[in-house]
K.L.:
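Here you go, one structure.
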Amino acid sequence: MVKNTFKKLADKWQAKWDKEKVFEVTEDKKKKKFYVLEMYPYPSASGLHMGHAFNYIIGDVYARHKLMQGFNVLHPMGFDSFGLPAENAAIKEKRHPKEFTEKAIKNFVEQQKQLGLTYDWTRNLKSHDPAYYKWNQYFFLKFYEKGLAYKKKAPVNWCPECDTVLANEQVHNGMCWRHKETEVTVKHLEQWFIKTTEYAEELLKKADILDWPERIKAMQKNWIGRSEGAEIIFGINGTPWKVFTTRPDTLYGATFMVVSAQHPELLSLVTDEQRAEVEKLVKKIHTTKQEDMGLLEKEGAFTGSYAEHPLTKEKIPVYAGNFVLADYGSGMVMAVPAHDQRDFEFAKKYKVHIRTVVQPGKPIKELKEAYTGEGILVNSDKFTGLESGEAKKGIVNELKKKKLGGKAVSYKLKDWLVSRQRFWGTPIPIVYCEKCGEQPVPEKELPIKLPDKAVLGKGNALQNSKEFLEVKCPKCKGKARRETDTMDTFFDSSWYYLRFVDANNSKEAFDKVNAKYWMPVDFYTGGAEHACMHLIYARFFTKALRDLGFLEVDEPFTKLFNQGMIHGKDGYVMSKSRGNVVNPTEFMEGKGTDPLRFFLVSVASPDKDLMWSDTGVEGSYKFLSRVLKHSENVKFGKTSKRIGSKLHQSIKKVTHNIEQLKYNLAVIAIRELFEAIQEEEISKEDYLAFVKLLAPFTPHLAEELWEKHGSKGFISKAKWPVHDDKKIDLKQEYLEEVNENLRRDIIDLLRLVKIKKPSEIKIIVSKKWKYGFVKKYKELIGEKRDYKHVFQGIMNSDLKKHGEEAAKMVALFFKDASRIPKQELSAEEEKENYDSYKEMLGKEFNCRVVVEEADSSNEAKAGNALPGKPAIIVK
RNA sequence: GCGGGGGUAGCAAAGCCUGGUCAAAUGCGCAGGACUUAAGAUCCUGUCCCUUAGUGGGUUCGAGGGUUCAAAUCCCUUCCCCCGCACCA
């Protein structure tokens, strides 16, 4: 076989699909829709890697399967084409990022097409296209109108490498998500935010109903981080300070306060005497790496201020502390050293009073560490004696009465910081007028395009572009200046799945009716790294757009699937730096697409990591070659019962396994089916059913076989076979297996006795198979239980349980439970089977074949055997 | 610390929910054989240990207990690995 056979097939069929527009799709209300989507890629200059290929193939197999099942399948692809790498490359080469991006996309598309995917390319989108980002700006304005987009000064994460601020989600362990070596610093800047917290509750609640991997849901829930408790107001120097606590029951144990050393208002609390000490602490924190913060010993400095306890009116000292987060809750905590380990350590260190207010039943003698459990209150004025749960309610009510607090819910989730001080992103549609201040750009002026000419370098190039910068105020027509911040590219990816439903609409972001037809995405695949970024933003967007009247669905992605990582043959994750990369494009150029597709889905369940194996992929290649070779010489005829049974079983398995995303098992079922049909006669219809099973995995090969055997149209659109349970005949398959064993035994035996041309083969079938006995036993124990299993039980012990007589019979005839046949055959069935088989054996061995029942002389020998393992005598 | 997922034969990977047909699919590797002048390719057979033509026996599914007539599968304890989040008040 020519080495590049599969490459040729790929080229041939990809061209035909293209020409016939096979995968273009329209909104056909008569058909049930199915929306399959893979996360759209950043079009990197280095092109497609194996992870992309794997991702797209997983989606494509599903899409093809659904297509063949008659669904109207939307399977689009686009490019997340704004972003830093292109901009940085542009700076380096002193060119416009657009050039890089478009070149990379061109290359990417070519490589994607080689994979034989069912994309409708007419719906392709690129987020750097003004026709796309216009709608980013449009939605931004809609959010702005509704108060979901706002500007505020806040401590933000700054990546010196990216030269821009980052969203909270883009900071991992204090490092930039793009630059794992670069520490993020905190800056106080005025920035644009999207109010994701508005939907925190819904994002959390609806997570439960999604058909998503547990861990992704868990990660999101954890990220949203809801906790219930109370908000309590402490007066400090006459100013009210709110703090959040989950344990209002310990309020009487609060003996000091701790404000975050990074709190923006910290200095307002510090007295002159304490200034030096506090500043020392703050400085120390600035010089500590983010990632070491957690390991740091609890440290603090007294601010000189005192807070008034809301209930006892006691004066308690306020410290600045390194262990309090500035951006959770209010950045200040009430410290209850007896019942919180951190507070405890702090109190010990700074010798602050520790007061026990909750006890676990009996009094605690000496506190060696904080008692963090719940219990009965002590030292708590009128709440003493109450159980924690009751006390929480009571104390919160008391606070509420005095207007000093109340029940509260706190989230870890923060508003999404969307402004970026970079060029290559969607300009934020706001202008600043000297007179009128901040003004939204009127919709009809959209899109605000990025300048085609720009000198990129240090900082944001938009600030140097007069053409971009200078505008008239939309309100007073006076002199105004554009916002130069651009949007986080996650803004683009938050709604791209919606654009696909109507990708070429120039009047609207998407048509509502189309969205109603296609949404939600039924099957979405991509990497797990997006759990707390893209997948939260996209969910937020869907909800926000729903409430703005654009959509009717609550959730964008019904089913989410995370593919595993691809490891090189050395066992490490495939990466350029390791040098263990196999480039999918190069592979396909050499060996073709189908072997790659087949291999990637056959190693393991697609949600698990998989290791590349040269010999493994060679195995896939060989298998497909055999299928192709076999197609040239199929013995068309009548499908035997056994093959029919096997086929229908396989259809059942493959369908189910694709549905369950167990492509590896589907592939095994296909291989087994092929083993079975290879040497056998088969009807054309049944053969083509086999080819159809192959089609989602190896579409080019399948098309070729489909064409070769004269079927019309494309197999890609042929009807997926449906199994018929009635045709699945396990007994028949069992008989065939038995016969095959017999045949092999004969071959072995002939070899052993060194007879090449036997004159007679005698098969002696034992009469000892007392099917009558089985019948009788069934009467004894009843039909309810599976008699085979009961036998096995009896064999081991417990004879009396099932009746002595029955047990004895069993013991007599079945020495071992394993001798129960898989399928119950009647004596007649068995005999009939041997008779029919006689002929075949006779042909094969070219001699007389005798099947006879054992008599007393050879019963002992034959009786030892199972049906299918009878005594054999050769002459 | 919290949360999620794992540990199965030389390797990879099914099986576990719903216990018995499990010495345990499948692929790779390995061994033997057929074909060939030979190598490769291809095909067949075997691949936990002992034994048989078929068969029988022994010991296995991280470790240790338990439930059951019966455990890779259910329950408990324990060890190890991966992956998220992590001073969240």
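Every chain is numbered from 1, with letters handed out A, B, ... down the list of sequences.
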K.L.:
Looking at Lys608(A), I'd like to know whether one of its side-chain N or O atoms comes within less than 4.0 Å of OP1 or OP2 on A14(B).
P.N.:
yes
K.L.:
In whole angstrom, give the distance that lies between atom CG of Leu251(A) and atom C1' of A89(B).
P.N.:
13 Å
K.L.:
Please report, rounded to the nearest Å, how far the P atom of G6(B) is from the CG atom of Asp607(A).
P.N.:
9 Å
K.L.:
Between Gln660(A) (CD) and G15(B) (P), how many Å, whole number?
P.N.:
11 Å
K.L.:
Measure from the side-chain heavy atoms of Val603(A) and tell me the nearest of A14(B), A12(B), G4(B).
P.N.:
A12(B)
K.L.:
I'd like a table of atom pairs between the protein and nucleotides 24-35 of chain B - only N or O on both sides, under 3.5 Å - with the distance next to each one.
P.N.:
{"from": "A25(B)", "atom 1": "O2'", "to": "Glu672(A)", "atom 2": "OE2", "distance (Å)": "3.1"}
{"from": "C28(B)", "atom 1": "O2'", "to": "Thr615(A)", "atom 2": "OG1", "distance (Å)": "2.7"}

K.L.:
Between C49(B) and A31(B), how many Å separate the two P atoms, rounded to a whole number?
P.N.:
15 Å
K.L.:
Fit a plane to each ring of Phe244(A) and Tyr328(A), take the angle between them on a 0 to 90° scale, and name the class: parallel (under 30°), tilted (30 to 60°) or perpendicular (over 60°).
P.N.:
perpendicular
K.L.:
Contact class for Ser605(A) vs. all strands (heavy atom < 4.0 Å): base, sugar-phosphate, or nothing?
P.N.:
sugar-phosphate
K.L.:
Could you tell me whether Val324(A) contacts a base, only the sugar-phosphate backbone, or nothing, with contacts defined as non-hydrogen atoms closer than 4.0 Å?
P.N.:
base
K.L.:
In whole Å, I'd like the distance from the CG atom of Leu560(A) to the P atom of G4(B).
P.N.:
18 Å
K.L.:
Quick one: label Ser227(A) by what it contacts on the DNA or RNA (base, sugar-phosphate, nothing), any heavy atom closer than 4.0 Å.
P.N.:
sugar-phosphate
K.L.:
Rounded to the nearest Å, what distance is computed from the CG atom of residue Asn168(A) to the P atom of nucleotide C85(B)?
P.N.:
12 Å
K.L.:
P atom, C44(B) versus C35(B): distance in rounded Å?
P.N.:
15 Å
K.L.:
C16(B) and C61(B): how far apart are their C1' atoms, nearest whole angstrom?
P.N.:
11 Å
K.L.:
Restricting to side chain to side chain donor-acceptor pair (under 3.5 Å), what partner residues turn up for Asp327(A), sequence neighbours left out?
P.N.:
Lys414(A)
K.L.:
Let me know which of Trp612(A), Tyr663(A), Phe697(A), Tyr621(A) forms a ring-ring contact (aromatic ring centres under 6.0 Å, His included) with Phe599(A).
P.N.:
Trp612(A)
K.L.:
Counting only distance, no hydrogens or angles, is the base of C87(B) paired donor-acceptor with the side chain of Lys298(A) under 3.5 Å?
P.N.:
yes
K.L.:
Output the rounded distance in Å from CG (Asn222(A)) to C1' (C88(B)).
P.N.:
10 Å
K.L.:
Closer than 4.0 Å, any side-chain N/O of Arg215(A) to the OP1 or OP2 of C85(B)?
P.N.:
no
K.L.:
When you compare C80(B) with G62(B), how far apart are their C1' atoms, in angstrom units rounded to a whole number?
P.N.:
7 Å
